[in-house]
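In what follows, chains carry the letters A, B, and so on, assigned in the order in which the sequence lines appear, proteins first and then strands, with residues in each chain numbered from 1. The structure displayed is predicted, hence computed values, not measured ones.
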Number of protein chains: 2
Amino acid sequence: MLAAAGELIEKQDVEGLTVRELARRAKVSHNAPYRHFPDRESVLAALAAEGFARLGKALEEAGKRDPMERGAAYVRFALEHPQRFRLMFGGVLRLDTHAGLREQASRAYEGLVRAFASLAEPRAAEITAAAAWSLVHGLAQLLLDGHFARATRGGRDNEAFVREVLSAVRLVARSAQPA
Amino acid sequence: MLAAAGELIEKQDVEGLTVRELARRAKVSHNAPYRHFPDRESVLAALAAEGFARLGKALEEAGKRDPMERGAAYVRFALEHPQRFRLMFGGVLRLDTHAGLREQASRAYEGLVRAFASLAEPRAAEITAAAAWSLVHGLAQLLLDGHFARATRGGRDNEAFVREVLSAVRLVARSAQPA
DNA sequence: ACCTGAACACCGTTCAAGT
DNA sequence: ACCTGAACACCGTTCAAGT
């Protein structure tokens with residue numbers, strides 16, 4: 001059932017995921033989904049939770065130590081699963097209204113934040129990590145929406161562009177002074 | 001009419017803006033809005049366009065030269081108009097399907113990008129600007145969704161936290177080497 | 001844990017006919 | 001540039017009664 005919802009969201013956008021369409025795909029009656037989820041929003045919350053778990057795994061598998069690899073993996077996840085990413089971070093869901101969702105989110109990017117923090121001096125670690133994560137997240141979001149013109153990317157493909165922008169993270173970490 | 005739509009979006013979320021509710025607020029019949037907009041999505045596109053114009057103005061009014069002030073203004077705009085910001089950057093609208101919208105978006109953040117670019121050496125300007133913009137944008141988005149725990153913010157209020165993270169932008173610019 | 005089938009209040013959108 | 005009023009296909013959600 002959740003798998004069917006997953007397929008739906010990959011093809012269509014979040015708004016296209018309706019309870020009734022979900023039932024059709026699963027070849028069950030229009031109200032059968034309510035045996036599994038109290039309402040539509042809970043379906044979305046479950047998909048978001050699944051997304052956070054996958055993002056967390058993708059980050060851990062990408063270069064055990066190298067923060068740059070993790071940053072690149074974060075952006076790659078967003079570009080490969082645009083609708084899922086949007087569901088997770090696009091404000092579609094208020095995280096606090098779904099039990100445990102916020103914790104799952106934290107766990108997902110905790111690996112990224114820790115990696116970034118390790119680049120900086122201990123006393124500057126938290127701000128550095130916050131800045132690095134912001135950079136990576138914003139980069140993903142702006143790329144998704146197509147806000148970087150070809151001119152800005154300068155003929156580079158996405159992957160190369162991402163790596164070049166990510167190099168800024170290293171600069172931040174190296175130069176960061178304890179507060 | 002557009003003003004009524006603006007009010008609606010401030011209070012409710014984007015999904016709560018329905019054509020019929022819009023008509024009710026404007027005290028016109030349920031199909032009167034179609035005299036002004038071809039469909040619901042065009043209403044959203046108009047609101048987004050208006051948002052880009054306001055963001056552009058806010059950026060220009062915030063410190064003519066100082067890129068840090070502009071960055072802070074960007075984040076402030078997002079936090080003060082969360083639903084509008086989400087409409088503009090949350091993937092609700094595909095920018096390319098609405099004539100001129102992408103151009104209006106570019107014009108809005110062009111002032112920010114130029115300010116950031118001026119911090120770096122000419123040959124590193126574009127990447128630096130892209131990194132800085134990504135950082136500011138990601139910071140706004142993550143703050144909006146409440147992803148920075150009190151622990152991370154370390155007791156700082158939002159404004160102070162933003163300024164501290166933004167200081168990373170200066171580090172990037174200062175250290176950036178031409179490609 | 002599903003089904004059928006009906007129902008309710010709500011959508012977006014499109015008519016026809018009127019001022 | 002609006003109106004009334006009807007209509008269509010679609011929602012989310014909730015029943016009642018059945019297997």
Side-chain angles (χ1 to χ4, degrees), chain A residues 1-51 82-84 86-101, chain B residues 1-51 82-84 86-101:
Chain A
M1 184 59 105
L2 194 123
E7 283 178 29
L8 250 182
I9 213 185
E10 299 287 328
K11 307 236 173 97
Q12 312 208 6
D13 48 5
V14 178
E15 287 74 19
L17 190 153
T18 76
V19 175
R20 291 175 108 111
E21 178 65 23
L22 177 56
R24 265 174 241 127
R25 299 283 174 124
K27 303 217 186 277
V28 295
S29 73
H30 68 277
N31 45 17
Y34 289 97
R35 299 283 139 193
H36 302 270
F37 304 98
D39 51 25
R40 177 177 179 272
E41 223 183 88
S42 300
V43 180
L44 298 181
L47 286 173
E50 193 190 44
Q83 294 303 326
R84 183 83 68 153
R86 180 157 111 72
L87 174 60
M88 292 157 61
F89 290 107
V92 182
L93 251 37
R94 273 160 300 290
L95 290 186
D96 296 309
T97 63
H98 296 276
L101 194 51
Chain B
M1 183 57 106
L2 194 122
E7 282 178 31
L8 250 182
I9 213 184
E10 299 288 327
K11 306 236 173 101
Q12 313 209 6
D13 50 2
V14 178
E15 288 73 20
L17 190 154
T18 76
V19 176
R20 290 175 109 113
E21 178 65 24
L22 177 57
R24 264 173 242 129
R25 298 283 174 124
K27 304 218 185 275
V28 295
S29 73
H30 67 278
N31 46 17
Y34 289 98
R35 299 282 140 192
H36 301 269
F37 303 99
D39 51 25
R40 176 176 179 273
E41 223 184 87
S42 299
V43 180
L44 298 181
L47 286 174
E50 194 190 42
Q83 293 304 326
R84 184 81 68 153
R86 180 157 110 73
L87 174 59
M88 293 157 63
F89 290 108
V92 182
L93 250 39
R94 273 160 300 289
L95 290 185
D96 296 309
T97 63
H98 297 275
L101 194 52

For this session: State, yes or no, whether a side-chain contact exists between A/V19 and A/Y34 at a heavy-atom distance under 4.5 Å.
Result: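 A/V19 reaches A/Y34 side chain to side chain.
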For this session: Please test B/V43 against B/H36 for side chain to side chain contact (heavy atoms under 4.5 Å, CB included), starting from the C-alpha separation and ending with a verdict.
Result: CA-CA 9 Å; B/V43 180; B/H36 301 269; over 6 Å; no
For this session: Could you tell me whether A/R40 contacts a base, only the sugar-phosphate backbone, or nothing, with contacts defined as non-hydrogen atoms closer than 4.0 Å?
Result: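 Touches sugar-phosphate only.
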For this session: Just call it for B/R20: base, sugar-phosphate, or nothing, with non-hydrogen atoms closer than 4.0 Å on any strand.
Result: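 Since a base atom lies under 4.0 Å of B/R20, the category is base.
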Starting at atom [atom1] of [X], determine the distance to atom [atom2] of [N], rounded to an integer number of angstrom.
X     : N      : atom1 : atom2 : result
A/L22 : D/dG12 : CG    : C1'   : 13 Å
A/E21 : D/dG12 : CD    : P     : 10 Å
A/E15 : C/dC11 : CD    : C1'   : 14 Å
A/K27 : C/dC3  : NZ    : P     : 12 Å
B/E41 : C/dC11 : CD    : C1'   : 15 Å
B/F37 : C/dG12 : CZ    : P     : 14 Å

Exercise. Would you say the base of C/dG5 and the side-chain of A/N31 have a donor-acceptor pair closer than 3.5 Å?
Worked result: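 Flag set: donor-acceptor pair detected.
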Exercise. Where the side chain of A/R84 meets the backbone of A/L47, is there a donor-acceptor pair that is under 3.5 Å apart?
Worked result: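 Flag set: sc A/R84 to bb A/L47 pair under 3.5 Å.
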Problem set entry | CA sep, side-chain torsions, deciding dist, call: A/E21, A/L17, side chain to side chain contact (heavy atoms under 4.5 Å, CB included) | CA-CA 7 Å; A/E21 178 65 23; A/L17 190 153; over 6 Å; no
Exercise. DNA chain C: A/H30 or B/V19, which has the more 5' nearest nucleotide?
Worked result: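 That would be A/H30.
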Exercise. To the side chain of B/A32, which of C/dC11, D/dC2, C/dC2 is closest?
Worked result: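 Selected nucleotide (nearest to the side chain): D/dC2.
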For this session: Among C/dC11, D/dT4, C/dT4, find the nucleotide with the atom closest to the side chain of B/T18.
Result: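 Of all the options, the side chain of B/T18 is nearest to C/dC11.
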For this session: To the nearest 0.5 Å, tell me how far B/D13 CG sits from B/L87 CG.
Result: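 The CG atom of B/D13 sits 11.0 Å away from the CG atom of B/L87.
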Problem set entry | Residue closer to the 5' end of DNA chain D, B/R35 versus A/D39 (nearest nucleotide) |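 Going by which nucleotide is closer to the 5' end, it is B/R35.
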Exercise. For B/V28 and B/R35, what are the C-alpha separation, side-chain angles and deciding distance, and is it a side chain to side chain contact (heavy atoms under 4.5 Å, CB included)?
Worked result: CA-CA 11 Å; B/V28 295; B/R35 299 282 140 192; over 6 Å; no
Exercise. Say you pick atom P in D/dC2 and the same atom in C/dA17; how far apart are they, in whole Å?
Worked result: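 Roughly 22 Å separates the two P atoms.
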Problem set entry | Under the 3.5 Å Watson-Crick or G-U criterion, the dot-bracket string of DNA chain D, with | for inter-strand pairs | ||.|||||...|||||.||
For this session: Run the numbers on A/V14 and A/Q83 for side chain to side chain contact (heavy atoms under 4.5 Å, CB included), then give the verdict.
Result: CA-CA 7 Å; A/V14 178; A/Q83 294 303 326; 4.0 Å; yes
Exercise. Taking only side-chain nitrogens and oxygens of A/Y34, does any of them come within less than 4.0 Å of OP1 or OP2 of D/dT13?
Worked result: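 So the side chain of A/Y34 is within the cut-off, an N or O lying under 4.0 Å from OP1 or OP2 of D/dT13.
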